[in-house]
There are 2 protein chains.
Amino acid sequence: MKSGEAAVKQAEEKQSAEKPTGRARGIDRVIALMEHLHDRRAPTRIADIARDTGTPRSTMYELVNTLVEARWLELRDGDGTVYFGPAMHYYGSDYLDSVDLIRKARVEVAHIAETVGETAQFCTLDGDKYLVVLNEPGRRMFRISSEIGIKVPIPWTASGRLLVDHLDAEEIRRFIPSEDFTLPDGRRIAEDEFLEDMRRARTQGYVRTTALVDRFTTCLAAPVRDPSGRCIATICFVVPADTTEEAQQVMIDTLKASAERLSPGR
Amino acid sequence: MKSGEAAVKQAEEKQSAEKPTGRARGIDRVIALMEHLHDRRAPTRIADIARDTGTPRSTMYELVNTLVEARWLELRDGDGTVYFGPAMHYYGSDYLDSVDLIRKARVEVAHIAETVGETAQFCTLDGDKYLVVLNEPGRRMFRISSEIGIKVPIPWTASGRLLVDHLDAEEIRRFIPSEDFTLPDGRRIAEDEFLEDMRRARTQGYVRTTALVDRFTTCLAAPVRDPSGRCIATICFVVPADTTEEAQQVMIDTLKASAERLSPGR
DNA sequence: ACCGTTTGTCCGAAATATCGGACGTCGGTC
DNA sequence: GACCGACGTCCGATATTTCGGACAAACGGT
């Protein structure tokens, strides 16, 4: 019951929506299993995975055994929990190396995180959500948890203001779900305020947001644009809100230079 | 027919060894598919994957569609090739973050690659093979191809001489397959030469090899040891063989310091 | 224009993988 | 020491997924 309620409901919805019958293919069970682990972001007991994904216990044990053998999963700790295994890392690395822009972004992100010493990220859109693709922690050792692969509402982020800047007011309204303008603490971002942020960002060539999802954090982001000028990704810093203005200006210049280098055909 | 011969044979062996019957579970087909993509390290046409893994064409199409939908795979280019998709990266990142030593090693490898400007790696054993876990390309832009997740015979590497240094001569002979002492160019490494390398490495606290698998490359490696003194991983540089001795000494000191920081309980 | 090859989809049959439930163990609690 | 819940394994039945082959479309070389 520790993380149950919502997940169970979700699983049941999934089951009724996608599977009128109780029986499913192993591969679909495995996909649900991996997605569940990614959402939980923690080693999880097999029985819990089975319950939360709506998979029969005996089936889940069978599948987990197969996946552990393939190194897709690993048994952890000795208590009966499982989590992702090394094979996922290998396949993920292959993916990163196979995408030209990401491969270049890795170099930039690593470089600016090291030289500036702050957490740097490379972000894109995934559907109507914002997504961190690369994250390099910087020298500060706090906030270890990577948000890689976690989808976030566009208005919650600095980068989001750049990633949709090819849309007009009406398109924005249709593209971004209305509820995404509500921050985790319940505050709501006014749409015209968001549009104004976008306008300023376009002229300035960067975005700064402070205390948006987190009261003590400032985000600085610069756009990576394709030859047509459309923002296809962003590169950004995540820094404490009390960072001096001079330091932030240096970071902004750094970001702009990196973003320019990453923009294809320029 | 372009990459067929050996792969077909391999697939048939696999089929006869693991599957007396023609029919297999979807999940096993998927595992074979992913392994095949990892071995090829390139976007591959569906029909080729089917042939080389011994999977019926219709089955492979069905599975690929499912996996593309889950973002495990991606259709590439517009020609009918597929390769790993973003989900693999997310799951791989979760794995890296979940393993304490690897998470720390990422910081070290990124740091020394950036400051020294040469390719740095973090390596371990996987069974009786050597394995690159982390690879940070350094400033030189040559040799982009990452070897992450590729298994290599232990004697071909500098790190290998550290990773087995808890074994005596007899144990080495039993642990490392005899054919692994033959280099890719056909030369053979004498066993006592290998043992002498190990001995020297243990006293010096690092290994240097030159022109081992590649005539123009030098590898420098330092051991990460557990509290009992056993080498559980290595951190290393891959540099041009004509790098000056002074520069190499700096790198060796850098590696030793990093390896020390990574060694648990010290 | 012709023909051989490759691609992707569709279908029915049957081999079998999934499922539910039972069973033995283990550890903690009262 | 008896009870309870969770863990992991095993087994037989059947609903279903895999498989082979057929087919149309696209391609490309001659």
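Just the heavy atoms: all of them, side chains too, but no hydrogens, waters or symmetry mates, feed the values below. Numbers restart at 1 for each chain; the letters A, B, ... are given by sequence-line order, proteins then strands.
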*Length of the CZ-C1' vector between R45(A) and dG5(D), whole Å*: 11 Å
_Which nucleotide wins on minimum distance to the side chain of R25(B), given the candidates dA17(C), dG20(D), dC19(C)?_
dA17(C)
*asked:* Base of dG20(C), side chain of R57(A) - is there a donor-acceptor contact under 3.5 Å?
replied: no
*asked:* The criterion is salt bridge (charged side-chain N to carboxylate O under 4.0 Å, His left out); which residues satisfy it with E136(B), sequence neighbours excluded?
replied: none
*Would E108(B) and L262(B) count as a side chain to side chain contact (heavy atoms under 4.5 Å, CB included) if you check the C-alpha gap in whole Å, the side-chain angles of each, and the deciding distance to 0.1 Å?*
CA-CA 8 Å; E108(B) 291 295 336; L262(B) 289 177; 3.7 Å; yes
_When you compare the side chain of Q121(B) with that of S159(B), does any pair of heavy atoms fall below 4.5 Å?_
no
*Nearest whole angstrom, please: distance from the P of dT6(C) to the CG of D79(B).*
16 Å
*Tell me whether the OP1 or OP2 atom of dC19(D) has a side-chain N or O from T59(B) closer than 4.0 Å.*
yes
*Side-chain N or O of R29(B) less than 4.0 angstrom from OP1 or OP2 on dC19(D)?*
yes
_side chain to side chain contact (heavy atoms under 4.5 Å, CB included) between Y90(B) and L131(A), intermediate numbers included_ = CA-CA 11 Å; Y90(B) 308 147; L131(A) 188 68; 2.8 Å; yes
*Whole angstrom is fine here: how far is it from CG in L63(A) over to C1' in dT9(D)?*
15 Å
*Among dG20(C), dC19(D), dT18(C), find the nucleotide with the atom closest to the side chain of E62(A).*
dT18(C)
_Can you work out whether G80(A) or G26(A) has the more 5'-proximal nearest nucleotide on DNA chain D?_
G80(A)
*Taking only the side-chain nitrogens and oxygens of Y61(B), find out if one of them lies under 4.0 Å from OP1 or OP2 of dG8(C).*
yes
*Between P of dG8(D) and CG of N65(A), the distance in whole Å*: 10 Å
*Select from I46(A) and I27(A) the residue whose nearest nucleotide in DNA chain D is closer to the 5' end of that strand.*
I46(A)
